[in-house]
Amino acid sequence: MPISFVRAAIVLGLLSTVGPIAIDMYLPALPAMTTDLAATSASTQLSLMAYFVAVAAFQPLYGPVSDMIGRRRPLFFGLLLYVAAGVGAAFAPSIDVLVALRFVQGVGGCACMVIPRAVVRDLYTGVTAARLMALILLVFGVGPILAPFFGSLIAEALGWRAIFAVMSVIGVAALILLTVALPETRTADKRLSSNVKTAMAGYAELVRDPHFLGVSLVGGCALSGFFAFIAGSSFVYIGHYGVSPTTSSMLFSVNAIGFFSVAQLNGRLGAAIGLRRMVRAAASFFWLISVALLAYFMAGGDSIQVLVVGLFLAFASLGLIIPAATVLALENYGPTAGTASSLLGTIQFGSGAVAVALVSAGTQGSIVHMVGTIAVFATIAMVTSMTVLRGGQSLPAE
């Protein structure tokens with residue numbers, strides 16, 4: 001059954017939202033969870049890092065499996081695991097149990113992160129794929145924009161445990177959407193050439209490809225800067241500046257709005273100046289704003305307005321970097337799109353786990369530590385983009 005461009009964007013965008021919602025929805029409740037479970041801020045943030053580690057570790061499994069048996073069945077498995085872990089997390093008696101269940105939830109949720117990227121490569125390539133990826137981000141962006149706000153409302157009305165119950169309900173809705181709206185895009189004839197041997201050979205080829213590794217690192221470090229903000233934002237806004245959880249979630253959403261709005265420029269800019277040149281320019285802008293913010297706060301500045309505006313500008317540039325970097329990384333790997341997408345996701349979320357760990361290791365609510373971590377990853381993204389993305393050629397439209 002064929003699937004239209006717009007329908008693909010909507011369905012893949014909604015499915016892609018499931019995993020990130022498990023990151024964003026409970027952010028405003030982190031301080032309350034710390035108190036309720038008699039935990040430290042570092043151990044509470046460990047529940048976030050456990051999710052990232054699971055996503056990074058299990059993407060290499062989902063990709064090849066989806067190449068071998070198709071895209072739908074691994075998605076069903078991941079969503080069922082995600083729902084079950086969410087229910088368990090709602091009743092977690094301690095921070096240790098919660099961390100373990102968050103790991104399991106990440107194992108399930110990462111299926112909805114890696115496989116939709118492979119579906120995009122099944123359907124399109126080049127600038128058209130970048131445009132579809134941007135539209136997916138637009139749909140997907142509704143989740144990160146609204147999730148913290150609704151998470152804060154749920155936590156205030158019903159307590160933080162109800163947030164995980166709502167995550168499970170969302171997982172069930174995704175199962176229904178998958179059942180009725182997404183046909184199999186990995187056809188039987190393509191699956192015949194996919195097996196464990198070809199998967200291992202595919203990974204061997206990928207790790208020897210400096211272009212793939214470099215572009216994946218650019219996107220991964222850009223995303224990790226945002227993950228550093230995710231890990232530290234609630235403690236900075238609520239703990240340092242004293243804003244309410246609801247206000248904190250709104251300030252978080254401002255950055256998400258910038259990110260997903262700018263992402264819609266991918267198609268036009270990519271066609272006009274080339275995806276490579278666009279990524280280099282956006283990575284340079286991300287670095288410039290991040291370093292300027294770090295210099296301001298290291299010099300003793302303490303304005304929440306400067307922080308919000310600066311982060312908005314920095315993270316808006318990620319809307320150009322991440323979709324285009326994904327397309328550039330996968331452009332030469334159509335037959336093994338699932339495998340390549342898996343390793344791409346592992347690099348992204350592996351570096352994201354490092355970013356969360358760095359923020360968690362700092363002083364609770366430290367703006368300099370959070371912004372400094374963002375600046376470090378922005379620097380790596382900028383330098384790597386200048387190294388691996390020389391030239392300005394555009395990819396073909398199809």
Is the closest side-chain heavy-atom distance between [X] and [Y] below 4.5 Å?
| X | Y | answer |
| --- | --- | --- |
| Phe212 | Val388 | no |
| Leu81 | Phe76 | no |
| Tyr241 | Ser248 | no |
| Val196 | Met68 | yes |
| Phe235 | Gln45 | yes |
| Met25 | Ile170 | yes |
| Ile321 | Leu223 | no |

Tell me the closest heavy-atom pair linking [X] and [Y], and the distance in Å.
| X | Y | result |
| --- | --- | --- |
| Cys112 | Leu79 | SG-CD2, 3.5 Å |
| Ser317 | Phe286 | OG-CB, 3.2 Å |
| Pro28 | Ile238 | O-CD1, 3.9 Å |
| His211 | Leu389 | CE1-CD2, 4.3 Å |
| Leu293 | Leu311 | CD1-N, 3.7 Å |
| Tyr62 | Val114 | CB-CG1, 3.7 Å |

Report task. Describe, in one word, how the ring planes of Phe229 and Tyr237 are oriented to each other, choosing from parallel (under 30°), tilted (30 to 60°) and perpendicular (over 60°). Result -> perpendicular

Would you find more than 12 non-hydrogen atoms of other residues, nucleotides or ligands less than 6.0 Å from [X] atom [atom1]?
| X | atom1 | result |
| --- | --- | --- |
| Met386 | CE | yes |
| Trp287 | CH2 | no |
| Phe5 | CZ | yes |

Answer yes if the side chains of [X] and [Y] hold a donor-acceptor pair under 3.5 Å, and no otherwise.
| X | Y | result |
| --- | --- | --- |
| Ser43 | Thr40 | yes |
| Ser244 | Thr247 | yes |
| His240 | Asp302 | yes |
| Ser47 | Tyr26 | yes |
| Thr246 | Glu156 | yes |

Determine whether [X] and [Y] fall in the same hydrophobic cluster, where Ile, Leu, Val, Met, Phe, Trp and Tyr are linked whenever their side-chain heavy atoms lie under 4.5 Å apart.
| X | Y | value |
| --- | --- | --- |
| Ile95 | Leu48 | yes |
| Tyr82 | Leu175 | yes |
| Val354 | Leu217 | no |
| Phe103 | Leu98 | yes |
| Tyr296 | Val291 | no |

Requested in this report: Apply side-chain hydrogen bond (donor to acceptor under 3.5 Å, both in side chains) to the pair Ser66 and Arg71, showing each step before the final yes or no.
Outcome: CA-CA 5 Å; Ser66 77; Arg71 311 303 186 197; 2.8 Å; yes

Report summary line: When Phe349, Phe252, Phe312 are each screened for ring-ring contact (aromatic ring centres under 6.0 Å, His included) with Phe226, the one that passes is Phe252

Report task. Measure the spacing between CG of Leu213 and OG1 of Thr384 and express it to the nearest 0.5 Å. Result -> 11.0 Å

